[in-house]
Amino acid sequence: MNDSSDPFIKKGLRLLIDGITPAKLKEILDIDTGVYETQQRQAMKIWEAAGGYSPTIGILGAVLGLIHVMENLSDPAKLGGGIAVAFVATIYGVGLANLFFLPVSNKLKELLAAEVNRRDMVADGLFGIASGDNPRVIQERAESYFTTS
């Protein structure tokens, strides 16, 4: 138990060593995983929200740029530069959303799914040990977490 650097595994092993019932062990570890998942999903929402608001901010920049262009309609030489600046704001907003914020959010979702799957596997293995299951049965159940459909 002391060799593990993972607090989830340490907690599970400590509960197992303390002789807690298999059902309670599973319940406690499932609650721990659920709380962890909820906390991580809250953190992910920041990136997802940034991906949603970024294009809107880019459009607002474009509108403000076009308003500035309208102020200079009497000077045609200034129109091209003003319109270009307006469109750059849109490109930045859409680009940041699609090339940075949303990919970061999606990567965090993938990492969270993998971590929740790992925690479920650990909890299932500890539950099997606490229940006195045959090691081969525990191994088979653990291997089923790695199969892809």
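Quantities reported herein were computed from a predicted structural model and do not represent experimental measurements.
Put simply, CG on Leu126 and CD1 on Ile28 are 12.0 Å apart, with the number rounded to the nearest 0.5 Å. From Lys45, atom NZ reaches atom CG of Leu108 across 14.0 Å, with rounding to the nearest 0.5 Å. Rounded to the nearest 0.5 Å, atoms CG (Asp124) and OG (Ser144) are 7.0 Å apart. The distance from atom CG of Leu73 to atom CG of Leu79, rounded to the nearest 0.5 Å, is 6.0 Å.
Nearest heavy-atom pair, Gly93 versus Ser54, reported as atom, atom and distance to 0.1 Å: O-OG, 2.6 Å. Of all the heavy atoms in Pro103 and Ala97, the pair that sits closest is CD-O, 3.7 Å. Closest approach of Gly12 and Leu25 over heavy atoms only: O-CD1, 3.8 Å. In terms of heavy atoms, Ala130 sits closest to Pro22 at O-CG, 3.5 Å. Here the closest non-hydrogen pair linking Ile83 and Val69 is N-CG2, 3.4 Å. The shortest non-hydrogen separation linking Glu48 to Leu102 is O-CD2, 4.2 Å.
Under the side chain to side chain contact (heavy atoms under 4.5 Å, CB included) criterion, Thr56 pairs with no residue at all, not counting sequence neighbours.
With a 4.5 Å cut-off on side-chain heavy atoms, Val85 and His68 do not count as touching. Within the 4.5 Å cutoff, the side chain of Leu29 has no heavy atoms near those of the Val122 side chain. Counting only heavy atoms from C-beta outward, the side chains of Leu112 and Val116 approach each other to under 4.5 Å. By the 4.5 Å heavy-atom criterion applied to side chains, Trp47 and Phe100 are counted as neighbours. Counting heavy atoms from C-beta outward, Ile138 and Asn134 have side chains that stay 4.5 Å or more apart. In this structure the side chain of Ile67 reaches within 4.5 angstrom of the side chain of Val63, judged on heavy atoms. Taking the side chain as every heavy atom from C-beta outward, Lys11 and Asp32 approach each other to under 4.5 Å. Between Lys10 and Leu13 the shortest side-chain heavy-atom distance does not fall below 4.5 Å.
Cluster annotation: Phe8 is connected to Ile17 through the hydrophobic network of ILVMFWY side chains, with a link wherever side-chain heavy atoms come within less than 4.5 Å. If you chain together hydrophobic residues whose side chains sit under 4.5 Å apart, Ile20 and Ile9 fall into the same group. No path of Ile, Leu, Val, Met, Phe, Trp and Tyr side chains, each step under 4.5 Å between heavy atoms, connects Ile31 with Leu15, placing them in separate hydrophobic clusters. Residue Leu96 is not grouped with residue Ile57 when hydrophobic side chains (ILVMFWY) are merged at heavy-atom distances under 4.5 angstrom, including chains of intermediate members.
Using modelled atom types, no side-chain atom of Ser105 and backbone atom of Phe101 make a donor-acceptor pair closer than 3.5 Å. With hydrogens and angles ignored, the 3.5 Å screen pairs no side-chain donor or acceptor of Asn117 with any backbone N or O of Ala113.
Within a 6.0 Å sphere centred on CG of Asp75, heavy atoms belonging to other residues, nucleotides or ligands number more than 12. Around atom OH of Tyr145, more than 12 heavy atoms belonging to other residues, nucleotides or ligands sit under 6.0 Å away. Within a 6.0 Å radius of OH in Tyr92, no more than 12 heavy atoms belonging to other residues, nucleotides or ligands are found. Atom CZ of Phe87 has 12 or fewer neighbouring heavy atoms from other residues, nucleotides or ligands inside a 6.0 Å radius.
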(request) Any chance you could lay out the salt bridge (charged side-chain N to carboxylate O under 4.0 Å, His left out) test for Arg118 and Asp6, step after step, and finish with the verdict? (result) CA-CA 12 Å; Arg118 185 191 70 82; Asp6 184 348; 2.6 Å; yes
(message) Using salt bridge (charged side-chain N to carboxylate O under 4.0 Å, His left out), reason through Arg136 and Glu140 one step at a time and then give a plain yes or no.
(response) CA-CA 6 Å; Arg136 183 83 52 190; Glu140 288 295 324; over 6 Å; no
(request) Verify side chain to side chain contact (heavy atoms under 4.5 Å, CB included) between Ile129 and Asp133, making sure each step is shown before the conclusion. (result) CA-CA 6 Å; Ile129 293 169; Asp133 290 347; over 6 Å; no
(request) Test salt bridge (charged side-chain N to carboxylate O under 4.0 Å, His left out) on Asp30 and Arg119 and set out the steps. (result) CA-CA 9 Å; Asp30 285 348; Arg119 285 174 172 245; over 6 Å; no
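Checked for salt-bridge contact, Lys24 and Glu27 meet the test: a charged N lies under 4.0 Å from a carboxylate O.
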